[in-house]
Every structure is written in structure tokens, then in C-alpha cells.
Trainee: 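Sharing a structure below in C-alpha cells format, with a few things to ask.
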Protein chains: 4
Amino acid sequence: MSEHFSIEELLRLTDEDVKMSEKQKKVVEAAIEIFADKGFAAASTSEIAKKAGVAEGTIFRHYQTKKDLLFAIVKPTITKFAAPFLVKNFIGEISKQKHEDPEQLMRFILENRYEFVKKNQPVVKILLQEVFFHEEFRGEIRKVIETHAMEKLKELIVFFQEKGEMVEMPPETVLRMIVTSIMGFLFARFILLPDLDWDDEEEKEYTIQFLLHGLMKK
Amino acid sequence: MSEHFSIEELLRLTDEDVKMSEKQKKVVEAAIEIFADKGFAAASTSEIAKKAGVAEGTIFRHYQTKKDLLFAIVKPTITKFAAPFLVKNFIGEISKQKHEDPEQLMRFILENRYEFVKKNQPVVKILLQEVFFHEEFRGEIRKVIETHAMEKLKELIVFFQEKGEMVEMPPETVLRMIVTSIMGFLFARFILLPDLDWDDEEEKEYTIQFLLHGLMKK
Amino acid sequence: MSEHFSIEELLRLTDEDVKMSEKQKKVVEAAIEIFADKGFAAASTSEIAKKAGVAEGTIFRHYQTKKDLLFAIVKPTITKFAAPFLVKNFIGEISKQKHEDPEQLMRFILENRYEFVKKNQPVVKILLQEVFFHEEFRGEIRKVIETHAMEKLKELIVFFQEKGEMVEMPPETVLRMIVTSIMGFLFARFILLPDLDWDDEEEKEYTIQFLLHGLMKK
Amino acid sequence: MSEHFSIEELLRLTDEDVKMSEKQKKVVEAAIEIFADKGFAAASTSEIAKKAGVAEGTIFRHYQTKKDLLFAIVKPTITKFAAPFLVKNFIGEISKQKHEDPEQLMRFILENRYEFVKKNQPVVKILLQEVFFHEEFRGEIRKVIETHAMEKLKELIVFFQEKGEMVEMPPETVLRMIVTSIMGFLFARFILLPDLDWDDEEEKEYTIQFLLHGLMKK
DNA sequence: CATGAATGAGGTTTCATTCAT
DNA sequence: GATGAATGAAACCTCATTCAT
């Protein structure tokens with residue numbers, strides 16, 4: 001992938017929605033709702049068709065199989081979820097401006113992914129549910145996340161550790177703590193207990209505090 | 001219930017559902033394997049029967065529906081997962097002996113649940129996969145965990161906070177950090193990346209360190 | 001069959017209940033109830049076993065197949081239903097004593113069969129339901145009724161007609177009117193509308209009146 | 001509903017459910033044949049499909065359950081069976097033209113229902129067989145027959161009785177005699193002994209004679 | 001492009017019957 | 001004699017997918 005895509009361009013790129021007919025959009029919307037609700041395997045194409053207000057056959061005009069429909073929905077989200085880390089320039093930019101301050105980095109990541117999950121709740125839910133069952137997803141995630149993003153982040157962690165600001169743990173472990181804490185918050189907030197009465201700003205702040213205390217030296 | 005059950009006794013107790021015939025055991029084993037592998041909805045009873053080496057009808061002699069089979073497998077695990085927190089005396093004991101030392105408590109919980117998940121990997125995986133789709137599971141978890149265990153733990157947290165040893169956050173939030181960090185580790189270790197080359201003792205130690213740094217005052 | 005059986009002997013004969021073990025009796029009782037309720041084909045042996053309080057296998061120790069159980073229940077009733085007409089002596093007796101008076105004959109038949117159906121409601125219901133589906137029943141009925149009873153009754157009808165007391169119709173047709181009227185009453189009374197508030201004596205009287213008016217000359 | 005429907009129009013009307021595809025018609029035909037032959041519970045959808053020359057799934061595209069198929073076949077017949085009594089004007093008409101003559105009325109009913117049963121033998125057989133097992137049928141019959149038709153007929157009977165032409169019995173009882181005699185004839189003729197060598201015109205005439213003698217004064 | 005009837009493989013479940021205990 | 005676990009065929013029904021219109 002070229003290194004010169006802007007984020008905007010990247011997102012536009014993965015938003016293939018643009019080329020969709022009205023009916024196709026309806027199909028995707030209905031499928032998202034039903035997949036999120038009862039899971040891929042328990043969802044039936046006829047139910048999707050009914051909810052979308054199209055004929056059963058119409059789905060298969062756009063997606064050769066039910067699985068293709070799932071992939072068309074979830075795969076762009078995998079990419080978009082990793083997007084901020086993907087474009088090397090972007091991380092480069094970040095690290096230049098903000099690496100002085102690991103706190104800033106963590107705040108940025110949390111805030112950023114919070115917004116993303118908030119906006120894409122159902123698809124993220126589908127991804128979480130189905131990642132167990134589809135090697136393709138795990139492969140995609142591995143490819144996208146590990147290869148591109150992790151390296152950069154690990155470099156940053158090592159960089160902070162060498163500056164003496166961050167605790168001495170294997171960078172993979174540090175990464176695990178960060179991801180675990182952030183995803184744990186988002187998971188509790190949006191997936192597990194979305195009906196609780198959350199004070200989002202406060203919880204975000206606590207999560208950052210916890211990470212900083214847990215990972216920063218002194 | 002008598003107050004003098006040890007954990008060992010309790011676990012043996014809940015295991016004593018085991019008035020199972022040979023064939024029934026085979027069915028349960030096969031079902032666990034297949035449910036864990038492809039998920040409840042995508043698993044077929046005929047496949048389970050074949051793997052168990054029994055006739056398909058045999059499954060339904062013991063479990064009225066496929067769902068009943070799932071529940072029979074998963075529900076005891078929910079209880080057992082919460083068992084260490086359930087017996088009031090046990091927590092009482094802990095808090096008496098160890099409340100001087102929150103570190104001891106966290107070590108205990110982590111070690112304890114680590115062993116549990118290690119021993120029950122497939123069923124825990126099934127639970128994680130299916131908790132999205134079966135309100136019964138969420139209800140059971142809510143009943144078992146929140147009602148009994150959480151109260152006790154929250155009290156402990158408040159107790160530590162009042163002693164000035166623990167950071168000032170809502171106890172629910174502290175709990176979320178603890179659970180998130182421990183479960184995040186276990187999830188990465190056993191479910192998401194079980195094939196990585198983990199140094200378990202080291203990772204457990206880091207996780208504890210992270211929690212202590214993140215949550216303890218000074 | 002010998003001509004010297006008394007009715008009592010005949011009934012005792014067909015009441016094989018005598019040789020039944022306690023469990024077998026329970027099975028038959030349960031089967032009657034369930035067959036009458038949901039029909040033979042929709043009744044399951046396991047349901048019968050449960051209601052009878054015996055093991056599933058026990059049924060098949062006494063009756064080789066489910067169909068055998070049905071036959072064991074219904075066939076004696078076919079015989080018993082026709083019993084009053086079967087024993088030649090009996091009809092001979094009747095005709096000697098009562099042929100002066102066809103009214104007496106009709107009253108006797110109606111009263112007699114009324115008591116029988118009343119006492120054997122569920123089995124009669126089963127017979128009516130299943131006669132459509134089992135040639136064996138139709139064969140049995142044909143054998144028992146037509147061969148033995150009908151001839152005698154037709155003779156009687158011809159006898160009355162020759163005496164100028166009864167309308168001139170084919171005796172089969174007269175028989176149809178009698179059977180139809182009596183069975184129609186019993187069917188409405190016990191099977192179709194058993195919950196209505198019947199004045200049985202009155203309705204029996206009307207039925208006799210109707211038959212007499214309809215079939216007697218003058 | 002307009003008051004000007006003739007019976008012919010009405011029957012055509014209820015037949016106009018017939019927006020059936022070729023295959024659907026085949027399914028219904030096959031189902032009628034098999035239901036009539038072995039009863040609803042003992043008929044299998046796979047047998048119906050085979051006889052209809054369609055895939056088994058095709059049945060369930062048109063009828064959600066096997067029971068729905070049964071109802072789709074039988075319910076219109078219940079309505080049609082009662083149709084001649086349903087249209088108020090029709091009975092009104094009859095009573096105006098023919099109430100001078102109860103004989104005319106009975107002849108009309110017998111003739112009319114004779115033709116109907118003759119044309120709809122298998123479905124009527126199914127109805128008779130299944131009415132025992134499906135409360136829905138009994139409910140439908142009650143609704144259709146009792147509510148609409150019976151009242152009118154009872155009024156007529158009372159009318160005849162007041163004119164001194166008909167015997168003094170409760171009108172329900174008179175009705176029972178009429179229905180019993182007519183249905184008894186039709187049942188014997190078409191269901192129970194259809195293979196006998198019937199002289200239909202003669203038997204109809206005898207039935208009428210029997211009813212007239214039995215119910216008319218002098 | 002869209003439809004929806006049709007398919008047929010496969011799903012879960014029921015059930016009469018057998019047989020070792 | 002009685003039990004009830006086990007069977008496996010067959011029941012009803014669902015569903016992704018195809019294709020003529």
C-alpha cells in the first residue's frame with residue numbers, strides 16, 4: 001500500500017458503500033442488525049431479505065454466499081479499526097509530535113477507538129462474536145494489526161522505556177496491558193453492559209490514570 | 001448450606017452431577033469439543049453423535065433439546081467459575097487473613113482463576129462465544145456473580161481505600177480494572193493466542209505488578 | 001361358537017382383563033385414555049408408559065407392537081357391542097317373547113346400547129376414530145355384525161312387514177333407519193356434545209317415538 | 001356481503017382461493033388423497049411430496065406446517081358445507097317459497113347436501129376423521145353452523161309446529177332427527193359402505209318418507 | 001436488476017422397538 | 001417380570017442457493 005494515502009482517502013477507499021444500490025444498502029443494514037442480534041450461523045437469509053424488504057434472491061445477486069455477505073460487512077471494519085495505526089505516515093506524525101508524552105499517546109488511542117466503537121457498535125459486536133469461528137477474520141486481523149501496527153507501537157514502547165519513563169516489561173506485555181485495558185473498557189461499556197448508566201468522560205479518565213500508574217515509572 | 005465446605009469439597013460437590021452413563025459422558029465430551037470448535041449454532045447433533053460414537057437418538061434421551069445439552073455443559077461452569085467467591089466464609093477467611101495485603105488478594109484471584117481457565121479451556125471458550133446469544137447465560141452470570149461475589153469484593157475495595165492503600169476510584173471501576181486485566185491475560189493466553197510461546201509465571205507476575213502499580217497508592 | 005353360551009358367560013369370556021397383572025391393567029387404562037384423547041397415530045408409547053407408571057419396555061412385554069395394544073383394547077368391544085345380537089338363542093328368546101311388539105324390540109335395543117356406550121365411552125370413541133384407518137376393524141365388524149346379527153334382525157323386520165305393521169321398505173333400509181337414529185342419538189349424546197345438558201330419558205323417548213312414527217304403519 | 005349472491009356464486013367465490021401455482025395444486029391434491037386414506041397423523045409430508053411430484057421443501061413454502069396444510073384443505077369445506085344456510089336471504093327465500101311445505105324443505109336439504117358430499121367425498125372424510133382431534137375444527141363448525149344456520153332452522157321448525165304440521169318435540173331434537181337421518185344416509189352411502197350397490201334415488205326417497213312419517217303430524 | 005417459487009441436503013427431534021441388566 | 005438406555009429410521013421442518021420469468 002502506498003505510503004501517501006491520507007486517512008480521509010483511506011476511509012473513503014474502504015467505504016465501498018458508495019457503489020451500492022438502494023436495495024443493496026438495505027440488505028447490508030438488515031444483515032448487520034440480524035447478525036449482531038442472533039449471530040451469523042443462526043441468522044437466515046430469508047429473515048434478512050424480509051427485514052430489508054427485498055426478495056430472497058436479491059441478496060445472492062450482490063453476494064454469492066451468505067458468508068460473502070458477512071465478510072463484506074466485517075472486513076472493512078477490521079481495516080478501519082486498524083486504520084489509525086496502518087498508515088505509516090500517520091504514526092510517524094504522531095510519534096514526532098507526541099512521543100515526548102506517552103500520556104498523550106494513550107489518550108489519543110483511547111479517545112480515538114472509543115469514538116470508533118461507539119459509531120460501529122453492531123459491526124464490532126459481529127466481529128467479536130464471529131472471530132472465534134472464522135479463521136479468515138483471525139488471519140485478516142493478524143495481517144493488518146500485527147504486521148503493520150504492532151511493530152510501530154512496540155518501537156514506541158521501547159523508545160519510552162529507553163528514556164526511562166516506562167516500566168521494564170517486554171513490549172508485547174506492555175502492549176497487552178494497554179490493549180486489554182482499553183478494549184476491556186470499551187467491551188464493558190458498549191457490548192456487555194451498554195444499559196448501565198455510564199459517565200463516559202469519567203471512566204475514560206480513570207482508565208488513563210490506571211494505565212499511567214500501572215505502566216509509567218514513578 | 002453448611003459453612004464448613006472447603007473449596008475442594010464444593011467443586012467435588014458440583015461435579016457430582018456425574019451419575020452419567022458411559023455413553024452420556026461420551027456425548028458431553030464430543031459436544032464440548034464441537035461446540036468449542038465451531039460454535040453452538042453451527043454444530044450439528046449428528047456430528048456430535050458420530051464423534052461420540054452413539055446413535056443420534058441417544059443424545060435426546062439425555063437432553064431434551066440441543067440447547068439443553070449446551071446448558072448442561074455450560075451452566076455448572078458458570079457456578080464453578082464463581083464458586084471461590086460464593087462461599088461466604090471463604091471470602092470472610094480471605095479477608096481476615098489477607099486483607100492486610102491487597103497484593104495477596106490479587107495474586108490469589110489471578111492464580112486461582114488461571115488454574116480454572118487452564119483446566120476448563122473449551123467450556124470457557126464456549127461460554128464466551130455463546131454468552132452473546134443466550135440471555136439465560138447472562139441472567140445466570142448476573143445472578144451468580146453480581147449478587148454474591150461483587151458485593152463482597154466491593155466491600156473489600158472500599159476497605160482498602162479507607163485504609164489509604166488504594167486509589168480513589170468508584171469501587172466498580174476498580175473492579176473493572178482488576179477483572180479486565182486478569183481476564184484480558186487469560187483471554188489472550190488461552191483463547192486468542194494459545195499457540196504463542198508463553199512464559200506463564202513471568203506474565204502472571206507482570207500482570208500483578210501492573211495491577212499493583214495501577215491501583216495502589218504509592 | 002357354541003350356541004349355548006349365556007350372555008354372562010360370553011362377556012366373562014371376552015373380559016380377558018381377568019388374567020392381567022396390575023401393571024398390564026395400568027397400561028391398558030392409560031392407553032385407552034390417551035388413544036381416546038389424541039388418536040392412535042398421535043399417541044406415543046412413551047406417553048402411555050409414563051401415564052401408566054411403568055417402564056417403556058413393559059408395554060412391549062405384554063403387547064408385541066403398539067398396534068397389538070390397540071387391537072387388544074378395541075376388538076373385545078366390537079364383540080361386546082354386537083353381543084346381544086350374536087347369541088342366537090338370545091335373539092331367539094327376544095323374538096319369541098317380544099316380536100308381537102316391535103316397539104318393545106326397539107326400546108330394548110336402544111336402552112341396551114345406551115347403557116353400553118355410556119359405560120364404554122372412551123373405547124367406543126377409539127373405535128369410531130380408528131375404524132377409518134384399520135381394515136382389521138372393518139373386517140371384524142363386518143364379520144361380527146353382518147354375518148350373525150343382521151340376518152336375524154332382517155328376518156324380524158320382514159316378519160313385521162308381513163304382519164302389516166311395518167312400512168314397506170327394503171329391510172336393509174329399515175335397518176339403516178334404526179341404526180342411524182339410535183347411533184345418531186348416542187353419538188350426539190356421548191361423543192359430539194357430551195357437555196350439553198341432556199335429559200336422557202326424554203331424548204330416548206323422543207327417539208323411540210320418531211322411529212315408531214317413521215317406520216310403523218298407521 | 002351483497003344480498004344477491006346465488007349459491008353458485010358463493011361457491012365459486014370461496015373457490016377463488018385458487019391463486020395456486022401448478023405445484024401447489026399438486027400438493028393439495030396429493031395431501032387430500034393421503035389424508036383421506038391414512039389420516040392426518042399417519043400421513044407423512046415426504047409421502048405427500050413424492051405423490052405430488054415436488055420436493056418436500058415445496059410443501060413448506062406454501063404451508064408453514066403440516067397442520068396448516070390440513071386446515072387449508074378442510075376449513076373451506078366447513079364453510080362451504082354450511083354455505084346454503086349461511087346466506088340469510090337464501091334461507092329467507094326458501095322459507096318464503098316453501099314453508100308451506102316442510103317436505104319441500106327436507107327434500108331440498110337432502111338433495112343439496114347429497115350433491116355436496118358426493119362431490120367432496122375425500123375432504124368430507126378427512127373432516128369426519130379429524131374433527132375428533134382438532135378443537136379448531138369443532139370451533140369452526142360451532143361458529144359457522146350453530147350461530148348462523150341453526151337459529152334459522154329452529155325458527156322454521158317452531159313455525160311448522162305452530163301450524164300443527166309437525167310433532168311436538170323440542171326443536172333441537174327435531175333438528176337432531178333430521179340431521180341424523182340425512183347424515184346417516186350420506187355417511188353409510190359415501191363413507192362407510194361406498195362399494196355397495198346403491199340405488200341412490202330410491203334411498204333418498206325412503207329417507208324422506210321416513211323423516212316425513214317420523215316428524216309430521218298425521 | 002429483481003423476483004420468489006422451487007429445490008434438496010441437512011437440521012433437530014420423535015418414536016416404536018430391542019435387549020442387557 | 002420389569003426396567004430404561006440405546007437404537008436408527010423416519011418424522012417435520014429450515015435454509016442457502018438456483019433459475020425461469
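Just so you know, these numbers come straight off a predicted model, no measurement behind them.
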Trainee: Can you tell me if D/Lys23 touches the phosphate of E/dT7, counting only side-chain N or O atoms and a distance under 4.0 Å to OP1 or OP2?
Mentor: yes
Trainee: Between C/Gln64 and B/Thr65, which is nearer to the 5' end of DNA chain E once each is assigned its nearest nucleotide?
Mentor: B/Thr65
Trainee: Does D/Ser21 have a side-chain nitrogen or oxygen under 4.0 Å from the phosphate oxygens OP1 or OP2 of E/dA6?
Mentor: yes
Trainee: In Watson-Crick or G-U wobble terms, both distances under 3.5 Å, what is the partner of E/dT7?
Mentor: F/dA16
Trainee: Excluding sequence neighbours, so at least two apart, what forms ring pair (Phe, Tyr, Trp, His ring centres under 6.0 Å) with B/Phe35?
Mentor: B/Phe40
Trainee: Mind checking D/Glu56 for me? I need base, sugar-phosphate or nothing, with any heavy atom below 4.0 Å counting as a touch.
Mentor: base
Trainee: Check whether any side-chain nitrogen or oxygen of A/Thr58 sits under 4.0 Å from OP1 or OP2 of E/dT3, and answer yes or no.
Mentor: yes
Trainee: Kindly write out the residues that satisfy side-chain contact (heavy atoms from CB on, under 4.5 Å) with C/Val131, not counting sequence neighbours, or none if the list is empty.
Mentor: C/Phe137, C/Arg138, C/Ile141
Trainee: If you measure from the Lys or Arg side-chain nitrogens to the Asp or Glu carboxylate oxygens, is any gap between A/Glu56 and D/Arg61 under 4.0 Å?
Mentor: yes
Trainee: Is there a side-chain contact between C/Ser46 and the phosphate of E/dA16, meaning an N or O under 4.0 Å from OP1 or OP2?
Mentor: no
Trainee: Is any side-chain nitrogen or oxygen of D/His62 closer than 4.0 Å to OP1 or OP2 of E/dA6?
Mentor: yes
Trainee: Hey, which sits more toward the 5' end of DNA chain E by its nearest nucleotide, D/Val54 or B/Phe60?
Mentor: D/Val54
Trainee: Is D/Thr45 near enough to F/dC12 that one of its side-chain N or O atoms lies under 4.0 angstrom from OP1 or OP2?
Mentor: yes
Trainee: Quick one: look up who F/dA11 pairs with, Watson-Crick or G-U, both distances under 3.5 Å, and put none if it's unpaired.
Mentor: E/dT12
Trainee: Take A/Ala42 and A/Gly57, find for each the nucleotide of DNA chain F with the closest heavy atom, and name the residue whose nucleotide sits nearer the 5' end.
Mentor: A/Ala42
Trainee: Does D/Ala43 reach a base, just sugar-phosphate, or nothing at all? Heavy atoms under 4.0 Å.
Mentor: sugar-phosphate
Trainee: Does B/Arg61 place a side-chain N or O at less than 4.0 Å from the phosphate oxygens OP1/OP2 of F/dA6?
Mentor: no
Trainee: In the strands shown, is F/dT21 matched to any nucleotide by a Watson-Crick or G-U wobble pair with both distances under 3.5 Å, and which?
Mentor: E/dA2
Trainee: Step through the shown structure and confirm whether more than 12 heavy atoms of other residues, nucleotides or ligands are within 6.0 Å of CD on B/Glu135.
Mentor: yes
